[in-house]
Amino acid sequence: MNTIAYITFRGMLGRRRALLLFILPGVLLLLSIGLRITGNADLDTAAALLTQFGLGALLPLLALLAGTGVIGPEIDDGQIMYIMTKPIARPVISTTKYLVAVILVVGFGVVPIFVSGLIMNGLTAGLASGFALGALVGGIAYCALFVALAVMSRFAVTIGLIYALVWENLIGRYASGVRTLSIRQWSVTITDLATNATSVTSEVHTSTAVPLLIVLTVLGVTVAGWKLRTLSITGAD
C-alpha cells in the first residue's frame, strides 16, 4: 500500500498537470492578498470569494485533476496491469489511489482555502475554519466521485467537467432542485454550520447534505474497487 501511494504521488507531482495543482490555489491566495491590501476584504466579500472561487471552482477542479489523475492515466496506458499482477486486493489499490487524491486536495485545496480566509479576515466569525471544513468534506466526496469515474470511463475528465461546471455552476444556478444533488451545495451547508458569518447561507438542509455526502463517498470508493476487479489482466476495459 505504501509503495502504491509513493508511486502515485510521484506520478501526480511529476506530470505536467501538476502545474495546475499549484496555479489554482496560487490564484486564490493572490486574490485574497489583493483584497486585503486594497481594504476590500470584508466578511461578505471574503465569503463570496471563498464560495464562488474556493468551493465553486478551485475545489472541484483540483479534485477532478487528482481523482482522475491518480488512476485514469495508468488504466489508459495499461500500467495499472503491472500493479494488478501483484498479490494485492484490487479494492486496496483503488482505495489507496483515492486516499492519495484526498491528500492532494487537502494540501492544494483545503489548506489554501483556510489560509485565504485567514489572510482576509483572520479568525473572525470562524470564516476560515468553516470554509476549510466545508472544503474538506466536499473534497472527500468529489474525489470519491472522480476516482470512480476514472475507473469506469475513459472520458472521466469530460464527464467531471460537465458535472462541476455545467450541472453545479450553470444549471444549479437556475434550477433549485439541481442543488440538492450538488457537492458544492453540500459543502456550503457544512460551511454554514461551522461559521457565524451571516453572508454564508446554505440552500440544502443539513439532514439532506450530510447523508448524501456519506452515501456518495462510500458508493464512489466501493464502485471504484468493484470496477477495478472487473478489469482484465491482459488489457483495460
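The shown structure was predicted, so the numbers you read here are calculated from the model rather than taken from an experiment. The figures that follow rest on heavy atoms only: side chains count, while hydrogens, waters and symmetry mates do not.
- Here the side chains of L58 and P25 are in contact, with some heavy-atom distance below 4.5 Å.
- Considering only heavy atoms from C-beta on, M12 comes within 4.5 Å of V70 through its side chain.
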After noting the C-alpha distance and the side-chain angles of T45 and D42, does the key distance pass the side chain to side chain donor-acceptor pair (under 3.5 Å) rule? CA-CA 5 Å; T45 302; D42 57 90; 2.9 Å; yes
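- The minimum heavy-atom distance linking I113 with A135 is given by the pair CD1-CB, 3.7 Å.
- Between the R36 side chain and the I119 main chain, a donor and an acceptor come within less than 3.5 Å of each other.
- Under the 4.5 Å side-chain heavy-atom criterion for ILVMFWY residues, no single connected hydrophobic cluster contains both L145 and W226.
- Exactly one of V137, T191, L216 qualifies for a side chain to side chain contact (heavy atoms under 4.5 Å, CB included) with W186. That residue is L216.
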Let me see the working for Y142 and Y163 under side-chain contact (heavy atoms from CB on, under 4.5 Å), right down to the final yes or no. CA-CA 10 Å; Y142 273 124; Y163 173 77; 3.9 Å; yes
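- Here the side chain of Q185 pairs no donor or acceptor atom with the backbone of T180 at under 3.5 angstrom.
- The distance from atom OG1 of T195 to atom CG of L50, rounded to the nearest 0.5 Å, is 10.0 Å.
- To the nearest 0.5 angstrom, L127 atom CG is 9.5 Å from L118 atom CG.
- Under the 4.5 Å side-chain heavy-atom criterion for ILVMFWY residues, no single connected hydrophobic cluster contains both I93 and V223.
- Applying the side chain to side chain donor-acceptor pair (under 3.5 Å) test to S94 and every residue at least two apart in sequence or in another chain returns nothing.
- One hydrophobic cluster, built from ILVMFWY side chains closer than 4.5 Å, cannot hold both L123 and I33; they sit in different ones.
- L219 and I214 are members of different hydrophobic clusters when ILVMFWY side chains are connected at heavy-atom separations under 4.5 Å.
- The two atoms that bring A150 and G67 nearest to each other are CB-O, 4.1 Å, heavy atoms only.
- Closest approach of G138 and L59 over heavy atoms only: C-CD2, 4.1 Å.
- With values rounded to the nearest 0.5 angstrom, M120 atom CE is found 4.5 Å from L49 atom CG.
- S129 contributes a side-chain N or O that, together with a main-chain N or O of G126, makes up a donor-acceptor pair within less than 3.5 Å.
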Show your working on side-chain contact (heavy atoms from CB on, under 4.5 Å) between L21 and L13 and close with a plain yes or no. CA-CA 9 Å; L21 294 176; L13 297 177; 4.2 Å; yes
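- The CG atom of L170 sits 12.0 Å away from atom CD1 of I162, with the distance rounded to the nearest 0.5 Å.
- The backbone N or O of N121 lies less than 3.5 Å from a partner atom in the side chain of T124, making a donor-acceptor pair.
- Residue-environment remark: CD1 (I23) exceeds the threshold of 12 foreign heavy atoms within 6.0 Å.
- The nearest pair of heavy atoms linking A132 to V110 is O-CG1, 3.5 Å.
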Given the rule in the side-chain contact (heavy atoms from CB on, under 4.5 Å) test, do E168 and I183 qualify, once you have shown the distances and angles that lead to the verdict? CA-CA 8 Å; E168 290 193 329; I183 297 175; 3.6 Å; yes
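- In terms of modelled atom types and a separation under 3.5 Å, the side chain of T95 and the main chain of V92 share no donor-acceptor contact.
- Rounding to the nearest 0.5 Å places CG of L35 at 11.0 Å from CG of L30.
- Checked against the 6.0 Å centroid threshold, F114 and F131 do not count as a close aromatic pair.
- Linking ILVMFWY side-chain heavy atoms closer than 4.5 Å, directly or via other members, places I103 and L61 in a single hydrophobic cluster.
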Under the side-chain contact (heavy atoms from CB on, under 4.5 Å) rule, what do R184 and Q52 come out as? Steps first, then yes or no, please. CA-CA 10 Å; R184 173 186 176 181; Q52 299 300 322; 3.0 Å; yes
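- Residues I71 and Y98 form no side-chain contact, since every pair of their non-hydrogen atoms from C-beta on lies 4.5 Å or further apart.
- Contact detail for A164 and P60: the closest heavy-atom pair is CB-CB, 3.8 Å.
- I140 has its side chain out of reach of V106: every pair of non-hydrogen atoms, C-beta onward, lies at least 4.5 Å apart.
- A salt bridge links R179 with E203: at least one charged nitrogen is closer than 4.0 Å to a carboxylate oxygen.
- Between the side chain of T222 and the backbone N or O of V218, at least one donor-acceptor pair lies under 3.5 Å.
- N169 places a side-chain N or O within 3.5 Å of a backbone atom of G56 that can act as its donor or acceptor partner.
- Within a 6.0 Å sphere centred on CZ of F9, other residues, nucleotides and ligands contribute more than 12 heavy atoms.
- Residues I159 and S153 meet the side-chain proximity criterion, which asks for heavy atoms closer than 4.5 Å.
- L24 is not listed as a side-chain neighbour of L28, based on a closest heavy-atom distance of 4.5 Å or more.
- Rounded to the nearest 0.5 Å, atoms OG (S202) and CG (L193) are 7.0 Å apart.
- Between L20 and L62, every side-chain heavy-atom pair lies at or beyond the 4.5 Å cut-off.
- Taking all atoms of both residues into account, the shortest heavy-atom contact from L64 to A156 is CD1-O, 4.1 Å.
- In this structure, T68 and L149 have side chains that are not in contact, with every pair of non-hydrogen atoms separated by 4.5 Å or more.
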